[in-house]
Trainee: 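Shown below is the structure under consideration.
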Amino acid sequence: MILTEFVSADGCPASTTALLFPATGTPVQCSASNACPNGYDCVKSTTNKRMQCCSAAKEEEENEEEEKEEVEEEKPKRREGPCPGGKVQVLRIIGEKIVKKCEDKCPPHQIAVRGVCRDIHRDAPVPVPMD
């Protein structure tokens, strides 16, 4: 049985597409010293035999997605803080009110504890419970 591999007009193997320069519409060329961006492989063009960036084969992408899903399933579910997207909760004084805001990082005098910014007291003694 003979299998025929179809190629596209942009010079990439079947089921892949060329990374094109937006201004010219020509394929981005690559080499050992000029690698392709993530998601693209440096392959020999089927039209001009030069090396160019083509999208990673779909089979590889599907395998990577499956592996990523498996790894995520294995990770224990980590409880996020009150803010989405890795942001932290900061208390800000606006007018005469204290307002909880989600920001990218804590102020310099604070650290994040479970997603909420808390003051750092280096000289303060650690309280010890008395029985």
Trainee: Quick check for you: to the nearest 0.5 Å, what is the distance between T26 atom OG1 and Q52 atom CD?
Mentor: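 Reported to 0.5 Å precision, the distance equals 9.5 Å.
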Trainee: Between atom SG of C117 and atom NZ of K87, what is the distance when rounded to the nearest 0.5 Å?
Mentor: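 Rounded to the nearest 0.5 Å, the SG-NZ separation comes to 12.0 Å.
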Trainee: Less than 2.5 Å separating the SG atoms of C83 and C102?
Mentor: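 A disulfide is present here, as the SG pair of C83 and C102 is separated by less than 2.5 Å.
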Trainee: Quick one: pull up OG1 in T47 and CG in D10 and give me the separation to the nearest 0.5 Å.
Mentor: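 Result: 8.0 Å between the selected atoms.
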Trainee: How many angstroms lie between NZ in K44 and SG in C54, if you round to the nearest 0.5 Å?
Mentor: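 Rounded to the nearest 0.5 Å, the NZ-SG separation comes to 13.0 Å.
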Trainee: Is the C36 SG less than 2.5 Å from the C42 SG?
Mentor: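 A disulfide is absent here, as the SG pair of C36 and C42 is separated by 2.5 Å or more.
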Trainee: Do F21 and L19 share a hydrophobic cluster (ILVMFWY, side-chain heavy atoms under 4.5 Å, transitive)?
Mentor: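 Same cluster: F21 reaches L19 through Ile, Leu, Val, Met, Phe, Trp or Tyr contacts under 4.5 Å.
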Trainee: Sub-3.5 Å donor-acceptor pair from the side chain of T17 to the main-chain atoms of S55, do we have one?
Mentor: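 No; judged by distance alone, with no hydrogens or angles, the pair does not exist.
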Trainee: Before you tell me yes or no, could you show the steps for C30 and M51 under side-chain contact (heavy atoms from CB on, under 4.5 Å), namely the whole-Å CA-CA distance, both residues' side-chain angles and the distance that decides it to 0.1 Å?
Mentor: CA-CA 6 Å; C30 56; M51 299 302 286; 4.0 Å; yes
Trainee: Check P13 against V43 and note the closest heavy-atom contact, atom names and distance.
Mentor: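 What the structure gives for the nearest pair is CD-CG2, 4.1 Å.
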Trainee: Under 6.0 Å from the CD1 atom of I94, do we count more than 12 heavy atoms belonging to anything else shown?
Mentor: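 Buried by this count: over 12 neighbours within 6.0 Å.
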Trainee: How many angstroms lie between CD1 in I98 and CZ in R92, if you round to the nearest 0.5 Å?
Mentor: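 It comes to 12.5 Å.
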Trainee: In terms of hydrophobic clusters joined by side-chain contacts under 4.5 Å, are V28 and Y40 together?
Mentor: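 In one cluster: yes.
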Trainee: If we ignore angles and hydrogens, is there a donor and acceptor under 3.5 Å between the side chains of S45 and N48?
Mentor: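 Per modelled atom types, S45 and N48 side chains form a pair under 3.5 Å.
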Trainee: Between H109 and D119, is the side-chain contact (heavy atoms from CB on, under 4.5 Å) condition met? List the steps.
Mentor: CA-CA 6 Å; H109 64 280; D119 286 333; 3.3 Å; yes
Trainee: How long is the gap from NZ on K101 to CD on Q89, to the nearest 0.5 Å?
Mentor: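 Atom-to-atom, K101:NZ and Q89:CD are 12.0 Å apart.
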Trainee: Below 4.5 Å, heavy atoms only, C-beta onward: do C53 and D41 meet side chain to side chain?
Mentor: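 Of all side-chain heavy-atom pairs linking D41 with C53, none is under 4.5 Å.
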Trainee: When you group the ILVMFWY residues by side-chain heavy-atom contacts below 4.5 Å and let the links chain together, are I93 and L91 in the same group?
Mentor: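 Yes.
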